[in-house]
Amino acid sequence: MYRTNSCGELRAANQGQTVTLAGWVQKVRALGAMAFIDLRDRYGITQIVVDENSPRELVELAEKLGREFVLQVEGTVRERSSKNPKMPTGDIEILASKITVLNSSQTPPFTIEENSDGGDELRMHYRYLDLRRAPLQRNMILRHKLAQSVRRYLDAQNFLEIETPYLIKSTPEGARDFIVPSRMNPGQFYALPQSPQTFKQLLMVSGYDRYFQIVRCFRDEDLRADRQPEFTQIDCEMAFVERDDVLNTFEGMARAMFSEVLGKELDAKPFPHMSYDDAMKYYGCDKPDIRFGMRIAEFSADLKGSGFPPFDGAEYVGAICAPGAAVYTRKQLDELTNWVKRPQIGATGLIYARVEADGTLKSSVDKFFDQEMLQKWAAATEAKAGDLILVIAGTKKMAQNALCQLRLEVGEQLGLRTKGEFAPLWVVDFPLVEWDEESGRYFAMHHPFTSPKLDDMNRFMTEEPRDVKANAYDFVVNGVEVGGGSIRIHDSEVQSRMFEVLGFSKEEAEEQFGFLLGAFKYGAPPHGGIAFGMDRFCAIFGGDDSIRDYIAFPKNNSGRDMMIDSPSVVADEQLKELALKIDQ
Ligand code: ASP
């Protein structure tokens with residue numbers, strides 16, 4: 001037996017017991033006749049002591065130990081003379097009677113501690129060492145618990161976990177595919193699934209009316225803190241359901257996860273619903289953080305006044321009120337102005353007005369607007385004494401996005417985005433399709449299998465689909481889109497019409513999705529579903545913006561695995577087998 005106990009479990013009550021521990025050396029302090037070794041495993045750290053009561057050779061051995069050596073230690077649990085209240089095992093130590101070096105270690109390239117001295121790149125290169133650190137181990141444990149909680153809940157609700165293939169044909173989720181050449185079919189390629197969308201729908205046709213899978217998805221798109229080329233979804237589908245059946249089922253799942261993993265009971269009962277139109281109007285985006293107010297007020301013609309060039313030509317003028325932010329200094333306001341002028345946001349400027357203690361307003365554009373007009377701004381944004389009104393003008397798309405971002409930034413600065421507080425939200429009634437000026441065609445806002453809302457079905461089948469609403473929904477927590485889904489089309493004629501709207505010829509639709517159109521002709525039940533971003537759920541639960549440290553072996557921002565050095569070139573022989581030639 002390698003060990004009788006873990007390095008995290010012994011307490012004062014275990015005094016006098018003879019134990020064997022195994023783990024890694026976190027730290028050694030050899031002090032002549034004495035030595036202290038901090039021994040670590042994933043359960044914690046226990047202090048090992050070698051002193052005059054230990055065999056002599058242990059003192060010499062201790063001097064030769066280095067960080068990350070792997071040891072097996074036998075000894076007796078005894079009370080420490082100087083206790084460490086910060087460590088769960090801080091009341092005891094193990095007086096060593098035998099130490100076996102199970103393996104030595106080179107000096108690690110960074111410290112394996114709560115806060116490491118290693119930079120990002122170095123830690124990604126030695127991910128297996130970084131994963132030894134407690135914060136990463138906590139994240140992996142959190143992820144495990146979350147997955148178990150999902151499985152428990154869905155199993156209890158009669159969902160079946162069914163796997164779907166990875167080597168498939170393109171499933172359009174709006175990203176580029178990763179493709180895999182087929183050796184047995186030269187010149188032909190598989191696509192890795194952007195999601196199991198079509199398969200889960202086929203499972204509904206096959207009669208498995210409640211499906212789920214914790215599944216890897218692959219999307220070749222530019223990476224951000226909350227995006228990886230391969231990521232994990234909690235993918236679900238149900239037959240014989242309407243929208244609210246799906247929302248209720250997964251509201252239940254979210255509650256169970258928060259409760260079991262974080263011990264948090266969510267107050268909102270039921271979770272609030274917000275239409276896409278309202279989300280855009282009041283928050284400037286389709287995933288509002290509703291932990292705080294600061295809703296956007298659009299300035300109508302009478303609030304714009306005239307003679308002020310940025311307003312006169314603007315398609316849209318809107319404002320938010322930052323509570324208590326009248327104290328912002330000129331420097332802070334200049335910084336915010338530069339912040340909204342960054343290319344990612346693209347505002348031409350930021351106009352602001354402070355509400356003074358006596359209720360009068362002092363603005364950055366006093367030359368153009370009198371008190372009467374400024375008071376109207378205050379009324380529209382519900383600004384009170386001490387508040388700061390921030391106004392942005394421009395195209396509707398830019399200005400709404402800028403106000404959305406500005407609201408989040410200022411909300412953060414004012415401490416309104418409280419950590420540990422969770423505000424779930426269903427955003428519903430998305431547009432079905434979006435018109436893209438550049439390519440002169442419609443794109444599916446969700447994906448091409450999403451059903452129009454029943455009320456809009458006739459219009460969809462016969463008219464321009466510009467304003468048709470989709471029976472689609474997103475699950476948003478604290479401004480992060482954690483999940484999304486829809487009630488699906490289950491009728492082959494409606495699905496064919498959808499492909500037509502999206503600019504597929506009959507032949508193209510048949511070639512790419514003939515299997516689905518065919519399946520819909522054999523008694524497809526009404527169905528709908530949703531998929532949650534597992535990595536994002538973990539990051540939210542862990543209170544992080546980035547999903548990277550919730551994935552054991554992630555890619556960096558250029559899509560590289562730094563540890564195994566991938567992607568990499570392959571041998572000519574392999575290319576030949578695949579009938580491929582590299583063109584550069
Ligand atoms: N397949 C969709 C996605 O990955 C989710 C769904 O509609 O169920 O976003």
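For ligands, and for the atoms within them, numbers begin at 1 and follow the listed sequence.
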For this session: Could you list which atoms of ligand 1 come closer than 4.0 Å to a heavy atom of H446?
Result: 6 (C), 7 (O)

Problem set entry | From the candidates E237, Q194, K200, the one that places a heavy atom nearest atom 8 (O) of ligand 1 | K200

For this session: Determine whether the side chain, the backbone, both or neither of A531 has a heavy atom under 4.0 Å from any heavy atom of ligand 1.
Result: both

Seminar exercise, completed: G485 heavy atoms within 4.0 Å reach ligand 1 at atoms 6 (C), 7 (O)

For this session: Sequence neighbours left out, what passes salt bridge (charged side-chain N to carboxylate O under 4.0 Å, His left out) with R407? Give chain and number order.
Result: none

Exercise. What atoms in ligand 1 come closer than 4.0 Å to a heavy atom of R219?
Worked result: 3 (C), 4 (O)

Exercise. Can R441 be said to sit on top of F443's aromatic six-ring, NZ or CZ under 6.0 Å from centre and within 45° of the ring axis?
Worked result: yes

Problem set entry | Y128 and F553 aromatic centres sub-6.0 Å | no

Exercise. For atom 5 (C) of ligand 1, what is the nearest protein heavy atom, given as residue, atom name and distance?
Worked result: G484 O, 3.4 Å

Seminar exercise, completed: For atom 2 (C) of ligand 1, the closest protein heavy atom turns out to be E173 OE2, 3.4 Å

Exercise. Are E265 and R255 side-chain neighbours, meaning at least one heavy-atom pair lies under 4.5 Å?
Worked result: no

Problem set entry | Contact atoms of ligand 1, heavy-atom distance to Q233 under 4.0 Å | 3 (C), 4 (O)

For this session: List every atom of ligand 1 that sits less than 4.0 Å from any heavy atom of R488, numbering the atoms from 1 in the order shown and giving each element.
Result: 6 (C), 7 (O), 8 (O)

Seminar exercise, completed: Residues passing the side-chain contact (heavy atoms from CB on, under 4.5 Å) test with L202, sequence neighbours excluded, are F515, L516, A519

Problem set entry | Atom indices of ligand 1, in the order listed, that fall short of 4.0 Å to a heavy atom of I530 | 8 (O)

Problem set entry | N-O pairing of E421 and R291 below 4.0 Å | no

Exercise. So does D429 pair up with R243, basic N to acidic O under 4.0 Å?
Worked result: yes

